Protein chains: 2
Amino acid sequence: MAAHARAHAHGAPDLTKNQALVLGALEKAEAPLSAYALLDQLRAEGLRAPLQIYRALEKLTALGLAHRLESLNAFVACAHRGGHGGHACPHDGAHRLMAFAICESCGGVEEFCEAAVEQGLKTWASSHGFRPAKTVLELRGLCARCPARPEAETTGA
Amino acid sequence: MAAHARAHAHGAPDLTKNQALVLGALEKAEAPLSAYALLDQLRAEGLRAPLQIYRALEKLTALGLAHRLESLNAFVACAHRGGHGGHACPHDGAHRLMAFAICESCGGVEEFCEAAVEQGLKTWASSHGFRPAKTVLELRGLCARCPARPEAETTGA
DNA sequence: CGGCTTCATATGTAATAACATATCAAACTC
DNA sequence: GAGTTTGATATGTTATTACATATGAAGCCG
Ligand SMILES: [Zn+2]
Ligand SMILES: [Zn+2]
Ligand SMILES: [Zn+2]
Ligand SMILES: [Zn+2]
């Protein structure tokens, strides 16, 4: 077999087999996957222990190919994979603030950048002497495609 | 014993004994506490099972008296306890966006609101049809009081 | 060059720690 | 007695530690 699994020609530096498997699973998923969900999916491929998953995830998140959703304890593939090209949000090289909008109905995740948000946080931080190393910004709610609520409530005031 | 422990005259609706104990521990703490750290602290007071802590925390967070930090799996007392009065951030009644700046050196947490951030998120959400139910916004980094880094690095280029 | 050591990185496996919830029964309040 | 709070046990889920092994590149020595 070839030196390493390059696996999906993402332009990514060659990933190892486990990393490629985990990233592949994340890319195919419609919703974020927990480490143990990944493990279940990848048992067929020979992965057996949580650590194999966590190690791959650590590398993938460090490379910006996957992201951890803190409010879910789960992971998604980066939405900008294959080339952040025409995209206003090159969070590879520069590290801009990534935000996630997570639909609690369908599980879908949108990854976005919003300059005003980033600027506002920068303002607060510098005026308070806080030096952020990482920012977690996750919106939980309902996406555009999902109807209001599965809840029964009296319509009146 | 009296009806319920009102415990600290916070103007809060009367808390149960366990809720008061948990809130008291959070208020005394210098840094966020995990549920199990709370449990350890409160064993002396008779609490014995995780569920007792989690039940209290659920109520306290619902009341806005405590907050969960998702990126830490830990909890803090609300910084605005005792009366959000002169404070520009009445996140009791109205639910404004709360943000947290968490120092990774000393563990200190600052709770803040920043209108530009909130507005920026609102803008993104409405233009994308996303209806947020809850927003998680946590800055991880170094606070004003903590020196740069405990790291040794060669100074040269 | 071929074989050896060395080093760095990636893997595999087991055990355990840390975080969170389910279930059910007793007690207390109204 | 209904509703709530509580307590105790058990279980489920997420993450890490510790240790052993594999793999491949680089440098050395015959
Ligand atoms: Zn991304
Ligand atoms: Zn949706
Ligand atoms: Zn607060
Ligand atoms: Zn600090």
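All values derive from a computational prediction rather than experimental measurement. A note on names: the letters A, B, ... follow the listed sequences, proteins ahead of strands, and every chain is numbered from 1.
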If only side-chain N and O atoms of [X] are considered, is one of them under 4.0 Å from the OP1 or OP2 phosphate oxygen of [N]?
X     : N      : value
A/T16 : C/dT11 : yes
A/N18 : C/dG12 : yes
B/N73 : C/dA20 : yes

Using centres under 5.5 Å plus planes under 30 degrees as the test, is A/Y36 stacked with D/dT13? no
May I have the step-by-step check of side-chain contact (heavy atoms from CB on, under 4.5 Å) for A/L63 and A/L15, ending in yes or no? CA-CA 10 Å; A/L63 290 171; A/L15 300 174; 3.9 Å; yes
What is the distance, to the nearest angstrom, from the [atom1] atom on [X] to the [atom2] atom on [N]?
X     : N      : atom1 : atom2 : result
A/D14 : C/dA10 : CG    : C1'   : 13 Å
A/L33 : D/dT13 : CG    : C1'   : 15 Å
B/L39 : C/dA17 : CG    : P     : 16 Å
A/R48 : C/dA14 : CZ    : P     : 9 Å
A/I53 : C/dG12 : CD1   : P     : 10 Å
A/Y54 : C/dT13 : OH    : C1'   : 17 Å
B/Q52 : C/dA27 : CD    : P     : 15 Å
A/L21 : C/dT11 : CG    : C1'   : 13 Å

Between A/L47 and B/L72, which residue's closest nucleotide on DNA chain C lies nearer the 5′ terminus? A/L47
Do B/T135 and A/L137 make a side-chain contact, defined as non-hydrogen atoms from C-beta onward lying under 4.5 Å apart? yes
Quick one, A/V117 and B/W124 - any side-chain contact, counting heavy atoms below 4.5 Å? no
Using 0.5 Å steps for rounding, measure from the CD atom of A/E58 to the CZ atom of A/R68. 11.5 Å
Closest-nucleotide ordering on DNA chain D, the 5'-leading residue of B/L51 and A/A37: B/L51
[X] side chain: which of [options] is closest?
X     : options               : answer
B/K17 : D/dG7, C/dT21, D/dT16 : D/dG7
B/R55 : D/dT14, D/dA8, C/dT11 : D/dA8
B/A49 : D/dA8, D/dA15, C/dG12 : D/dA8

Check the side chains of B/E110 and A/H128 for a donor-acceptor pair under 3.5 angstrom, ignoring hydrogens and angles. no
How is A/K59 classified with respect to the nucleic acid when contacts are heavy atoms under 4.0 Å: base, sugar-phosphate, or nothing? sugar-phosphate
